[in-house]
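Some notes on the structure that comes next.
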Amino acid sequence: MDIAQHQKEVVKFRDLINKIKLAALVTHSADGLKGRPMQTVDVDLQGNLWFFTNDFTEKVEEIAQESEVFLSYTNLADNAYVMVNGTGRLVHDKAKIESLWNPALKAWFPDGLDDPRIMLLEVIPDEVEYWNGSSNKLVVAFKMLRAIIKGEQYEDGDHKKIALH
């Protein structure tokens, strides 16, 4: 894939994530796979995803042991779904934390930027797969009915796999 096409794919990916924001983060634990909700605070120009987290959580321990992670984003209203396989990286960079800080984060970090537990999780996507269908429920129903009548498989919107890194 050429550089221009790759950049278009990153822009499409960023647009999808910026509309959804909330992901299920899945890590490897001693007991198997473990998931929890995470709020995406940024998708940078390379397509890396950034999250705030507490330095003293199970997910931090799990990522320190096994950096492979999985993210699942769902936006039912827009009929959009994004799956991300990637590498989790724990980041204690104060400048990066300050650049991504939002006052609403005080709900989780009452001491703000001075909270000693605050850190970032960066997820570097290896592979992204997305489905971006019609958000109009009437259009979806019509296309499904047409596929049934014609004996064809229902298809709607974009479905693509992309390698970001």
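Contact of the Tyr130 side chain with the Glu9 side chain is registered, since non-hydrogen atoms from C-beta on lie closer than 4.5 Å. Contact check for Val60 versus Asn54: no side-chain heavy atoms found under the 4.5 Å cut-off. At a threshold of 4.5 Å between non-hydrogen side-chain atoms, the residues Asp115 and Phe52 do not count as touching. Within the 4.5 Å cutoff, side-chain heavy atoms of Asp55 are placed close to those of His92. The shortest side-chain heavy-atom distance between Ile97 and Leu120 falls under the 4.5 Å cut-off. A 4.5 Å side-chain heavy-atom check between Phe13 and Asn18 finds every atom pair outside the cut-off. Pro103 places none of its side-chain heavy atoms less than 4.5 Å from the side chain of Lys106. Leu33 places none of its side-chain heavy atoms less than 4.5 Å from the side chain of Phe70.
Across Leu71 and Ala23, no two heavy atoms sit closer than the pair CD2-CB, 4.0 Å. Residues Gly112 and Ile118 come closest through the heavy atom pair O-CD1, 4.3 Å. The shortest non-hydrogen separation linking Leu45 to Gln7 is O-NE2, 3.9 Å. The two residues Val91 and Met119 make their nearest non-hydrogen contact at O-CB, 3.6 Å. Taking every heavy atom of both residues into account, Thr40 and Val43 meet most closely at CG2-CG2, 4.1 Å. Shown here for Leu113 and Glu98, the closest heavy-atom pair between the two residues is CD1-CG, 3.9 Å.
Criterion: ILVMFWY side-chain heavy atoms under 4.5 Å apart, direct or through other members. Under it, Ile63 and Phe56 are not part of a common hydrophobic cluster. At a threshold of 4.5 Å between side-chain heavy atoms, the hydrophobic network of Ile, Leu, Val, Met, Phe, Trp and Tyr places Trp101 and Trp50 in one connected group. Cluster membership for Ile20 and Val69, using ILVMFWY side-chain heavy atoms within less than 4.5 angstrom, is shared. By the criterion of side-chain heavy atoms lying less than 4.5 angstrom apart, applied directly or through intervening Ile, Leu, Val, Met, Phe, Trp or Tyr residues, Val41 is not grouped with Ile17; the two fall into different hydrophobic clusters. No single ILVMFWY cluster, assembled from side-chain heavy atoms under 4.5 Å apart, contains both Phe109 and Met38.
Going from atom CG of Asp126 over to atom CD of Glu68 covers 8.0 Å, rounded to the nearest 0.5 Å. Taken to the nearest 0.5 Å, the OG atom of Ser67 stands 8.5 Å off from the NE2 atom of His28. Interatomic distance, OG of Ser72 versus CG of Asn85, reported as 10.5 Å (0.5 Å rounding). In this structure, Asn79 CG and Thr74 OG1 are separated by 10.5 Å, a value rounded to the nearest 0.5 Å. Once rounded to the nearest 0.5 Å, the distance linking NZ of Lys21 with CD of Gln39 reads 7.0 Å. Atom NZ of Lys96 and atom CD of Glu122 lie 7.5 Å apart (nearest 0.5 Å).
Just one residue in the list Ile124, Leu25, Leu49 forms a side-chain contact (heavy atoms from CB on, under 4.5 Å) with Val84, and that residue is Leu49.
Within 6.0 Å of CD in Gln65 there are 12 or fewer heavy atoms belonging to other residues, nucleotides or ligands. Summarising the local packing, NZ of Lys8 is surrounded by 12 or fewer heavy atoms from other residues, nucleotides or ligands at distances under 6.0 Å.
In this structure, a donor-acceptor pair under 3.5 Å is present between the side chains of Arg36 and Thr27.
Evaluation of the side-chain hydrogen bond (donor to acceptor under 3.5 Å, both in side chains) rule for Asp42 yields no partner, not counting sequence neighbours.
Judged by distance alone, with hydrogens and angles left aside, the side-chain atoms of Asn48 form no donor-acceptor pair with the main-chain N or O of Asp44 at under 3.5 Å.
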